[in-house]
Amino acid sequence: MNYYQRMEQKFQALQKKKDVIILSVESSCDETSVAVVKNGREVLSNIVASQIDIHRRFGGVVPEVASRNHITAISNIFEEALKEAGLSKFDLDAVAVTYGAGLIGALLVGVNFAKALAYSLDIPLIAVSHVFGHIAANYISHQTLEPPFTCLMVSGGHTAILKVEDYCSFKLIGSTVDDAVGECFDKVARVLQLPYPGGPEIDKLAKEGHSAYHFSVSNALKNSYNFSFSGIKTAVVNFVHNKAQKNEEINKADIACSFQEAVTEELCEKAVRACQVEGKGKLVVAGGVGANSRLKEKLSNACLERRIDFYAPVLKYCTDNAAMIGSAAFFMLKSGLGLANLDLTAKANVGL
Ligand code: KG4
Ligand code: ZN
């Protein structure tokens with residue numbers, strides 16, 4: 001029997017095993033992360049090595065630099081994750097890895113590390129989509145949360161509303177027709193000369209400002225669940241450039257606040273409406289922009305008024321981390337999905 005044939009048998013056996021311990025690897029962007037997760041909900045360790053300080057001086061992630069730093073970090077992060085979990089590599093039942101979406105070179109580091117580890121330990125390898133991981137961040141944050149629910153997915157690469165019917169089955173009911181919302185937060189922050197990553201900086205600065213400027217989201221998609229944020233992003237960028245050309249003062253906090261108000265209003269209105277129409281009574285936010293304090297405040301208030309239960313991941317599981325990948329892998333395993341062979345490769349884009 002070759003490796004994959006043996007793994008098909010082990011994978012099936014794991015579906016019935018009482019306690020399943022998965023080591024997971026995430027390297028899709030600028031965080032090198034390894035976690036150990038038990039039964040999809042219990043995080044035994046979650047080590048995240050952020051490269052933010054390295055990329056900050058370039059004003060954004062430099063893909064080649066990210067890949068090289070993942071290579072340097074990954075072995076140590078792996079050792080640390082096992083140590084913190086108090087386990088040996090021989091206690092692991094499976095290895096999970098983000099295979100996409102993300103930066104191809106960065107992903108390849110995690111994928112190859114995970115493949116070598118799974119092969120050397122003769123245990124199954126589970127290939128996880130990054131977006132699925134972001135949803136699963138809620139399962140480790142809220143122990144009793146179960147599908148079905150409506151999910152607002154907001155990250156640096158995605159903006160979508162999903163109908164999550166079961167742990168491994170989703171239906172896309174709306175998505176951005178242009179930029180992802182995280183991307184717009186980062187671009188607006190950049191024009192305001194705030195450090196990378198811009199989202200948390202806008203969040204912070206907006207608290208000191210007022211919604212004094214009129215920046216609005218296009219009305220064209222008003223009756224759908226789709227989003228368009230490139231118009232408001234360009235409006236803010238042009239406004240700031242015009243003011244600079246005329247040597248006129250701007251109030252950065254007011255700009256941050258006005259932009260954030262318009263964007264979070266649009267996200268909140270559509271997500272809550274989708275949740276009401278789909279009738280599941282539960283709204284879950286996922287992805288890095290889910291860390292935005294104003295977005296969470298608006299969603300939480302709107303849900304309270306409409307008797308919808310609202311869930312957001314705890315802050316450390318909102319942005320990229322491996323624990324969410326280990327959780328997603330467990331639910332995939334339970335559904336008999338995700339078993340990968342040694343020809344697994346990274347994908348820059350993965351459909352939702
Ligand atoms: O999910 P994530 O860590 O990576 C991707 O999968 O893309 O999301 C990163 C994005 C970045 O655009 C970052 O600026 C944004 O999430 N972000 C925030 C906040 N924290 C992170 N955006 C707005 N407010 C925040 N507090
Ligand atoms: Zn992410």
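In each ligand, atom 1 is the first atom listed, and ligand 1 is the first ligand listed.
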Identity and distance of the protein heavy atom lying nearest [atom]:
| atom | value |
| --- | --- |
| atom 24 (N) of ligand 1 | Asn292 ND2, 3.0 Å |
| atom 2 (P) of ligand 1 | Asp320 OD1, 3.4 Å |
| atom 10 (C) of ligand 1 | Gly156 N, 3.6 Å |
| atom 21 (C) of ligand 1 | Gly288 O, 3.3 Å |
| atom 6 (O) of ligand 1 | His130 NE2, 3.0 Å |
| atom 26 (N) of ligand 1 | Asp203 OD2, 2.9 Å |
| atom 18 (C) of ligand 1 | Gly199 CA, 3.5 Å |
| atom 14 (O) of ligand 1 | Asp186 OD1, 2.6 Å |

Is the gap between the ring centers of [X] and [Y] under 6.0 Å?
| X | Y | answer |
| --- | --- | --- |
| Tyr213 | Phe259 | no |
| Tyr167 | Tyr139 | yes |
| Phe170 | Phe132 | yes |
| Phe239 | Phe215 | yes |

Open item on the list: The criterion is salt bridge (Lys or Arg N to Asp or Glu O under 4.0 Å); which residues satisfy it with Arg41, sequence neighbours excluded?
Closed with: none
By number and element, which atoms of ligand 1 are closer than 4.0 Å to a non-hydrogen atom of [X]?
| X | value |
| --- | --- |
| Thr319 | 3 (O) |
| Gly182 | 12 (O) |
| Gly157 | 7 (O) |

TODO: Verify the distance criterion only: is there a donor paired with an acceptor across the side chains of Lys89 and Ser120 at less than 3.5 Å?
DONE: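 Not at all, the side chains of Lys89 and Ser120 share no donor-acceptor pair under 3.5 Å.
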Open item on the list: Quick one: does any side-chain atom of Asn39 pair with a main-chain N or O of Val20 as donor and acceptor, under 3.5 Å?
Closed with: yes
Open item on the list: Treating Asp166 as the side-chain partner and Cys168 as the backbone partner, does any N or O pair qualify as donor plus acceptor under 3.5 Å?
Closed with: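 Not at all, since once roles are kept as given, no pair shorter than 3.5 Å links the two residues.
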TODO: Kindly give the cluster partners of Phe58, where membership spreads through any ILVMFWY side chain lying under 4.5 Å from a current member.
DONE: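 Via sub-4.5 Å side-chain contacts, Phe58 links to Ile54, Val62, Val65.
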TODO: List the steps and the verdict of salt bridge (Lys or Arg N to Asp or Glu O under 4.0 Å) for Arg294 and Glu297.
DONE: CA-CA 5 Å; Arg294 187 66 178 130; Glu297 187 183 352; 3.3 Å; yes
Open item on the list: Under 3.5 Å between any N/O of Pro197 and any N/O of ligand 1: does that happen in this structure?
Closed with: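 Such a contact does not occur with ligand 1.
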TODO: Output yes when the distance from some N or O of ligand 1 to some N or O of Phe185 is under 3.5 Å, and no in every other case.
DONE: no
Open item on the list: Does the residue Cys29 have a heavy-atom contact with ligand 1, meaning some pair of atoms that are separated by less than 4.0 Å?
Closed with: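 Heavy atoms of Cys29 never come under 4.0 Å of ligand 1.
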Task: Side-chain touch Asp30/Asn69, heavy atoms, less than 4.5 angstrom - done: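 They are not in contact (no side-chain heavy atoms under 4.5 Å apart), so the answer is no.
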Open item on the list: At under 4.0 Å between heavy atoms, is it the side chain or the backbone of His134 that contacts ligand 1, or both, or neither?
Closed with: side chain
Open item on the list: Rounded to the nearest 0.5 Å, what separates atom CD1 in Ile22 from atom CD1 in Ile126?
Closed with: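 Rounded to the nearest 0.5 Å, the CD1-CD1 separation comes to 4.5 Å.
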Quiz: residues 317-327 side-chain donor-acceptor pairs under 3.5 angstrom, not counting sequence neighbours:
from	atom 1	to	atom 2	distance (Å)
Asp320	OD1	His130	NE2	3.0
Asp320	OD1	His134	NE2	3.1
Asn321	OD1	Ala323	N	3.1
Asn321	OD1	Met324	N	2.9
Asn321	ND2	Tyr317	O	3.2
Asn321	ND2	Thr319	O	2.8
Ser327	OG	Gly40	O	2.8

Task: Sub-2.8 Å protein N, O or S atoms surrounding the Zn ion (ligand 2) - done: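 Listed by chain and number: His130 NE2, His134 NE2, Asp320 OD1.
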